[in-house]
Amino acid sequence: ALTALGPAAPMAATEPLLRRLAQLDPAATADLFRALFEHGQFEAALGVLSAVPPREAADPQVMGRHAYALAALGRID
C-alpha cells in the first residue's frame, strides 16, 4: 500500500499504514520515526522513538534526528 501511494503521498495517508506496519514489524518503527520527523511532527516522532529497536536507534541519522527534534521542541531530555 505504501508503494502504491508513492513518496509524495501526504502524511495523513501514510501515517496509519506506517503505524500498522510498525505493529507487525518493530523494525518498521524506525521508518515511522523518520517519516514523522521529515514532516515536522517532532513530538509524535519522539513518542515512537522508544519503540525503535536498539539496532536502528543507534543509527547516527536516527540519533541526529532525535537530537534535532528535542532542540526544535526546546527540550533537553
Side-chain angles (χ1 to χ4, degrees):
L2 289 170
T3 303
L5 289 173
M11 189 63 182
T14 59
E15 183 178 357
L17 296 172
L18 286 169
R19 286 190 181 277
R20 179 65 85 181
L21 183 58
Q23 288 175 338
L24 298 172
D25 178 9
T29 307
D31 295 330
L32 175 59
F33 169 77
R34 281 188 281 274
L36 291 167
F37 177 89
E38 293 299 327
H39 286 89
Q41 297 180 21
F42 301 128
E43 192 69 47
L46 292 173
V48 300
L49 187 61
S50 64
V52 173
R55 183 176 188 175
E56 285 83 6
D59 180 299
Q61 288 184 345
V62 172
M63 293 171 65
R65 288 180 173 124
H66 176 218
Y68 185 96
L70 287 172
L73 295 171
R75 292 172 42 188
I76 57 171
D77 55 318

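Remember, predicted model here, so these are calculated numbers, not experimental data.
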Can you pull out every salt bridge (Lys or Arg N to Asp or Glu O under 4.0 Å) where at least one residue sits in residues 51-64? Sequence neighbours excluded, please.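 Those involving residues 51-64 do not exist here.
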Under the salt bridge (Lys or Arg N to Asp or Glu O under 4.0 Å) rule, what pairs show up with a residue in residues 29-43, not counting sequence neighbours?
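Counting only pairs at least two positions apart or across chains, the salt bridge (Lys or Arg N to Asp or Glu O under 4.0 Å) contacts touching residues 29-43 are D31-R34, E38-R65, E43-R75.
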Next item on the list: To the nearest 0.5 angstrom, please state how far the CD atom of Q23 sits from the CG atom of L18.
Entry: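 Nearest 0.5 Å value for the CD-CG distance: 11.5 Å.
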Search all heavy atoms of [X] against all heavy atoms of [Y] and return the closest pair with its distance.
X: V52; Y: A57; result: CG1-N, 3.6 Å
X: T29; Y: V48; result: CG2-O, 3.6 Å
X: P53; Y: P26; result: CD-O, 3.3 Å

Hey, mind stepping through L36 and L46 against side-chain contact (heavy atoms from CB on, under 4.5 Å) and telling me if it holds?
-> CA-CA 9 Å; L36 291 167; L46 292 173; over 6 Å; no
Quiz prompt | ring pair (Phe, Tyr, Trp, His ring centres under 6.0 Å) contacts in which one or both residues fall within residues 58-77, not counting sequence neighbours | solution =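 Sorted pair list: F37-Y68, F42-Y68.
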Heavy atoms, side chains only, cut-off 4.5 Å: are E15 and H39 in contact?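 Of all side-chain heavy-atom pairs linking H39 with E15, none is under 4.5 Å.
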